[in-house]
Amino acid sequence: MEFIGKTNIDFMGLKKISFTISAIVVLLGLFAIVQMFRGEANMGIDFAGGTEIQLKFVNPVTMDSAREILAKHGLKEATLQDIRDGNQLLIKIGKTTLATGKVADTVESIFQQELPNNKFTVESSTEIGPSVGDKLRKDTITAIIISLIGIIIYIAWRFDFRFGVGATLATLHDVFAMFAFFYLTGKEMNLLFITAVLTIAGYSLTDTVVVFDRIRENMRKNVKEHMNVVFNRSINEVLSRTIVTSFTVFLAALSLFIFGGEVIHDFAFALLIGVIAGTYSSIFVASPIVSIWEEKHLKIED
């Protein structure tokens, strides 16, 4: 199935525009990561430490009333999320003066005291100390770096080093794009978000390899043609396949976003952003980088 027919787009001629856009995205992503380490981003309790408790009430409880109850007892910084199904309330509380392990008990006591006629059950309760959150934050960056090194090694073995660098920079671009978008929209950065980042890194790499495969094939067939001509033809030849694949993945992520429930809502949102970024980088970042490198390599040889 083809959404579009044969195209003849000059992708290499758009390098300056695409690189400018990518540079802005990367800078915003770097800023978001710095803010994350400074504790200025909206970090989940996975990274910042804190308590997350999910309560299921017999009767509905509005977020405004729940917020007033918590503020009355000194927990005004608590973040509340209403779960539509089953009168459930998700409460997230960052680091407090209360000892780790006692915050959940305190929250339970508060609602038992303030809402004696509205019984509830604790669906889940998670508490993470600040030292554990700090370690998870560092381990996250380590995991991303290791994955990028693995990409360079894999692509260098399958193609050559120049392609490996192009694929790695494109994947790094996607990682920065997701960090930037989550920071700018105030979305919570947690372990589910990092799972989405690494998932998109794998997806982006797969998409990039398909483009690189066609480029390598055409380079062997047309050794005398200019690099830009070969790269443009290759991208145009796989463009329909790339769009169909990305659109299919986008629809799957969109289904999770709409119907998947509150727990994986942000995860699905990250996938949506990542699919768009990954498709863009495969065409407008990875290939132009290799093209520029190839041109400079040929000039040196001449």
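As a basis for the values below, the full set of heavy atoms in this structure was taken, side chains included, without hydrogen atoms, waters or symmetry mates.
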Quiz item: Under the side-chain contact (heavy atoms from CB on, under 4.5 Å) criterion, do L80 and L90 qualify, and how do the steps go?
Solution: CA-CA 6 Å; L80 278 69; L90 185 65; over 6 Å; no
Quiz item: I17, L28: one ILVMFWY side-chain cluster at the under-4.5 Å cut-off?
Solution: yes
Practice problem: Measure across S291 and N228 and return the closest heavy-atom pair with its distance rounded to 0.1 Å. | Solution: OG-OD1, 3.0 Å
Quiz item: Mind checking whether I93 and V107 have side chains closer than 4.5 Å, heavy atoms only?
Solution: yes
Quiz prompt | Lys/Arg-Asp/Glu bridge criterion (N-O < 4.0 Å) met for K221, E217 | solution = yes
Self-check item: Heavy-atom pair of closest approach, residues A180 and V25
Solution: CB-O, 4.1 Å
Practice problem: Hey, could you give me the CZ/CZ distance between F163 and R216, rounded to the nearest 0.5 Å? | Solution: 8.0 Å
Quiz item: Does the side chain of T245 come under 3.5 Å of the side chain of T248 through a donor N or O and an acceptor N or O?
Solution: no
Quiz prompt | side chain to side chain donor-acceptor pair (under 3.5 Å) contacts touching residues 15-27 (sequence neighbours left out) | solution = S22-H173
Self-check item: Close side-chain approach of F212 and S282, heavy atoms under 4.5 Å
Solution: no
Practice problem: On the 0 to 90° scale, with breaks at 30° and 60°, tag the F250-F247 ring pair as parallel, tilted or perpendicular. | Solution: parallel
Exercise. Compute the centroid of each ring, for F179 and then for F193, and state whether the two points are separated by less than 6.0 Å.
Key: yes
Quiz item: Would you call E123-K56 a salt bridge at under 4.0 Å N-O?
Solution: no
Quiz item: Can you tell me how far OG1 of T7 sits from CD1 of I235, rounded to the nearest 0.5 angstrom?
Solution: 10.0 Å
Self-check item: Closest heavy-atom pair and its distance - S287, V211
Solution: OG-CG1, 3.4 Å
Quiz item: Is there a side-chain contact (heavy atoms from CB on, under 4.5 Å) between I9 and L239 once you walk through the steps?
Solution: CA-CA 10 Å; I9 303 171; L239 184 61; 4.0 Å; yes
Exercise. Dump the intermediate steps for side-chain contact (heavy atoms from CB on, under 4.5 Å) on T171 and S281, then the final yes or no.
Key: CA-CA 7 Å; T171 305; S281 67; over 6 Å; no
Self-check item: Pairwise distance CG(L251) to CG(L272) - rounded to 0.5 angstrom
Solution: 9.5 Å
Practice problem: Compute both the distance and the angle, then confirm whether K187 meets the cation-pi test with F269: under 6.0 Å from the six-membered ring centre, within 45 degrees of the axis. | Solution: yes
Practice problem: Can you see which heavy atom on L271 is nearest to which on I200, and at what distance? | Solution: O-CD1, 3.8 Å
Practice problem: Output the distance between atom CD1 (I53) and atom CD1 (I91), rounded to the nearest 0.5 Å. | Solution: 6.5 Å
Exercise. Assign the ring pair H265 / F257 to parallel, tilted or perpendicular, where the plane angle (0 to 90°) is split at 30° and 60°.
Key: tilted
Quiz item: Between F231 and F11, is the ring centre distance below 6.0 Å?
Solution: no
Quiz item: Would E114 and H73 count as a side-chain contact (heavy atoms from CB on, under 4.5 Å) if you check the C-alpha gap in whole Å, the side-chain angles of each, and the deciding distance to 0.1 Å?
Solution: CA-CA 10 Å; E114 296 291 335; H73 291 267; 2.9 Å; yes
Practice problem: Kindly state whether the ring of F111 and the ring of F57 have centres lying under 6.0 angstrom apart. | Solution: yes
Quiz prompt | CE on M219 to CZ on R233, rounded to 0.5 Å | solution = 12.5 Å
Quiz item: At their closest point, which heavy atom of V61 faces which heavy atom of L115, and how far apart are they?
Solution: CG2-CD1, 4.1 Å
Quiz item: CG of L172 to CG of L30: how many Å apart, nearest 0.5 Å?
Solution: 8.0 Å
Quiz item: Heavy atoms, side chains only, cut-off 4.5 Å: are Q54 and S125 in contact?
Solution: no
Exercise. Please name the pair of heavy atoms, one in S234 and one in N218, separated by the smallest distance, quoted to 0.1 Å.
Key: OG-ND2, 2.8 Å
Practice problem: Measure the shortest side-chain to side-chain distance between K92 and E188 over non-hydrogen atoms and say whether it is less than 4.5 angstrom. | Solution: yes
Exercise. Side-chain contact test, heavy atoms from C-beta onward, threshold under 4.5 Å: evaluate it for Q88 versus L55 and give yes or no.
Key: no
Quiz item: Any side-chain heavy atom of D207 sitting closer than 4.5 Å to one from T242?
Solution: yes
Practice problem: Indicate yes or no: at least one non-hydrogen side-chain atom of L256 is less than 4.5 angstrom from one of I264. | Solution: yes
